[in-house]
Number of protein chains: 2
Amino acid sequence: MTGLREKILTTASNLFQTQGINSTGVDTIVAVAGTTKMTLYKYFGSKEVLILEVLKQGHQDFQNWLNDKLSNNTKQPSEKLQKLFDYIEEWVTSPDFHGVGFIKASAEFPQEDNPVHQLSSQQSQQFKQYIHHLATEANIKDAEGLSLQLSLIFEGAVQAEQMKRGSGAIKYAKTAAKILIDGASTQ
Amino acid sequence: MTGLREKILTTASNLFQTQGINSTGVDTIVAVAGTTKMTLYKYFGSKEVLILEVLKQGHQDFQNWLNDKLSNNTKQPSEKLQKLFDYIEEWVTSPDFHGVGFIKASAEFPQEDNPVHQLSSQQSQQFKQYIHHLATEANIKDAEGLSLQLSLIFEGAVQAEQMKRGSGAIKYAKTAAKILIDGASTQ
DNA sequence: ATCACTCTATACAGATTAGTATAATGGTGC
DNA sequence: GCACCATTATACTAATCTGTATAGAGTGAT
C-alpha cells in the first residue's frame, strides 16, 4: 500500500488553501510531500486533474462528516435543520479547518467554461440542495427560499472567517440562521 | 490630459475580474489597454501596486455610489438601513457589475501578511463598519450583531452571484436582510 | 539471481512571467 | 528649427512554470 497518492492529495490541499492554487507550483507540492514530479504525474495526469481531485476529496470529506454528525446526533427531521449550523461552526472552528475549496477555487478560476470553475459551481449547488433536502424533510413551506438563504449565510461566514481568522462571524451566522429558520417554520 | 493611467486601471480591473488576478499577466493588460509596459511601470511601480490601486478604486467607487444613493433617496435614518439591500441589488444586477474586488483578492492572496490580503481584509471591515454606522443611526440595539450578519449575507450573495451569474441569490438575500433587520428593530 | 515494478534523481524543453534597458517617435511650446 | 516631454517599440534578463525524458535505486516474488 503506497499512500503516496493520498499524501500528494492532502499536501496539495493544504498548500492550495494556505498559498492559493495558482501560486502553488507542482515542484513545491512534490517537495513538501516528499516525492517527485514523476510520481505526481503518474497519479494525476496534469495539475488541473490534481486540482479537481483535491476539490472532490475535500467536498466529499465535508459532506460525509456533516451527514454523519446529523444522522448520529439527531432524531427528528426538524432537529437536523436546527442543528445544521452548530455542526458547521464545529467544522469551521476546528484546528484542521482549511477552508472550503469550492469557494476559493471559483475565485481563482472565474471563467465559466473552466473545468475547475464548473466543478466548484456544481459543488456549491450540491450543498444548497442538501440544505433543501433538510428543509423539505422538516416540512418547511418555502424550502427553496430558505435553503438559498442558509447557503448564502454559510458562504458568507466561511468567506469572513477566511478573510480574518477567528473573527467570530460564525457565531452571528448561527443566530441569523436560527432567525431565518424560525421565520420559515411558522409560516 | 493623459487618461492613460485611468485606462490601465479600468482595463486591469476588468481583466482581474474575468480572468483572475494571478492569471492576468502584465503583457495582457497593456495589450488590451493599448499601451506598453514602460508606461504601466511608470504609473505603477509594480504589479502589486497596480493590484492595490485597482482594489482601492473599486472599493471607493462602490462606497461612493452606495452613499450617494442612500443620501439622495432616503430621509430618515431607519429608511437607509431598509433600502440598503435594494441598492445592493441594483448594483449587483447592473450590466457593468464586475464583482467585488476584495472578496476575490482575499481568495487569491490567502496569506495574512500579504499586502493585497491586508487591504482586502481592511476593505471588508470598512464595509461592515459602514453598515454598523447605518444600524446605530437607525437606533438598532445590537448594531454590532446585525451589521455582521448583513455583511455576511452581502458577501455570500456576491459570492453566489459570482459562482453562477443570474442565480437570483440577491433576491433571497434581500428578504433575508429584511427579516434580520425587522427582528433586530423590534427588540 | 533475475524479472517486474514502483519510485527517485536529475536534467531538460518550451512557454510564460515580472521587470528593465535602449532607441525611436510624435506632439507642444517657444 | 529646437528642446522638452510622454509614449512607443523592441529586445532582453532572469526567474518560474508545467510537463517530459532518461537512467538508476530499491524491493518483493518466483
Side-chain angles (χ1 to χ4, degrees), chain A residues 1-56 101 104-105 107-111 113-117 119, chain B residues 1-56 101 104-105 107-111 113-117 119:
Chain A
M1 174 90 92
T2 33
L4 253 181
R5 200 192 114 102
E6 198 85 5
K7 177 84 180 168
I8 294 173
L9 260 184
T10 61
T11 303
S13 178
N14 286 331
L15 287 174
F16 287 165
Q17 286 295 334
T18 55
Q19 320 278 336
I21 300 176
N22 280 317
S23 304
T24 303
V26 178
D27 296 272
T28 309
I29 296 172
V30 297
V32 175
T35 180
T36 64
K37 274 200 285 189
M38 291 313 298
T39 311
L40 186 147
Y41 279 100
K42 187 195 163 193
Y43 287 118
F44 312 94
S46 68
K47 188 186 177 183
E48 187 173 273
V49 170
L50 174 60
I51 297 171
L52 292 171
E53 291 301 315
V54 167
L55 282 179
K56 283 179 195 167
K104 282 183 152 184
E108 289 210 55
F109 301 87
Q111 302 167 82
D113 59 347
N114 183 293
V116 178
H117 183 95
L119 179 60
Chain B
M1 176 89 89
T2 34
L4 253 181
R5 200 191 115 101
E6 198 83 6
K7 176 83 179 171
I8 294 174
L9 261 184
T10 61
T11 303
S13 177
N14 287 330
L15 287 173
F16 287 165
Q17 286 294 334
T18 56
Q19 321 278 335
I21 299 177
N22 280 317
S23 304
T24 303
V26 179
D27 295 272
T28 309
I29 295 172
V30 296
V32 174
T35 181
T36 64
K37 274 200 283 191
M38 291 312 298
T39 311
L40 186 148
Y41 279 100
K42 187 195 163 195
Y43 287 118
F44 311 94
S46 69
K47 188 187 177 182
E48 187 173 273
V49 169
L50 174 61
I51 297 171
L52 293 171
E53 292 301 314
V54 167
L55 282 179
K56 284 179 196 166
K104 282 184 152 184
E108 288 208 57
F109 301 87
Q111 302 167 84
D113 59 348
N114 183 293
V116 177
H117 182 95
L119 178 60

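All figures in this text were calculated on a predicted structure; none of them were measured in a lab. Residue numbering restarts at 1 for every chain, and letters A, B, ... go by the order of the sequence lines.
- Among the protein residues, A:T24 comes within range of the sugar-phosphate backbone only, with heavy atoms under 4.0 Å from sugar or phosphate atoms but none that close to a base.
- Summarising the geometry, the separation between CG on A:L50 and C1' on D:dG19 is reported as 14 Å, rounded to the nearest angstrom.
- B:E108 contributes a side-chain N or O that, together with a main-chain N or O of B:N22, makes up a donor-acceptor pair within less than 3.5 Å.
- The rotation axes computed at either terminus of the helix from C:dA1-D:dT30 to C:dC30-D:dG1 lie 0° apart, taking five pairs at each end and rounding to 10 degrees.
- Within the 4.5 Å cutoff, the side chain of B:V54 has heavy atoms near those of the B:L9 side chain.
- Rounded to a whole Å, the CD atom of B:E48 is 9 Å from the P atom of C:dG19.
- Atoms CZ (B:F44) and C1' (C:dT20) sit 18 Å apart, rounded to a whole Å.
- One interatomic measurement links the two molecules: CD1 of B:I29 to C1' of C:dT17, which rounds to 12 Å at whole-angstrom precision.
- Within residues 34-42 of chain A, the residues having any heavy atom closer than 4.0 Å to DNA chain D are, in order of number, A:K37, A:M38, A:Y41.
- Judged purely by atom type and a 3.5 angstrom limit, A:T24 uses its side chain to pair as donor or acceptor with the backbone of A:G20.
- Contact check for A:L55 versus A:V116: side-chain heavy atoms found under the 4.5 Å cut-off.
- Look at CG on A:D27: it is 14 Å from P on C:dA9, rounded to the nearest Å.
- For C:dC7, the OP1/OP2 oxygens have a side-chain nitrogen or oxygen of A:Y43 closer than 4.0 Å.
- With rounding to whole Å, A:N22 atom CG is found 12 Å from D:dT18 atom C1'.
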List every contact pair, protein side and nucleotides 13-16 of chain D side both N or O, where the distance is under 3.5 Å.
none

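- Side-chain atoms of A:K37 never come within 3.5 Å of backbone atoms of A:V26 as a donor-acceptor pair (strictly under, hydrogens ignored).
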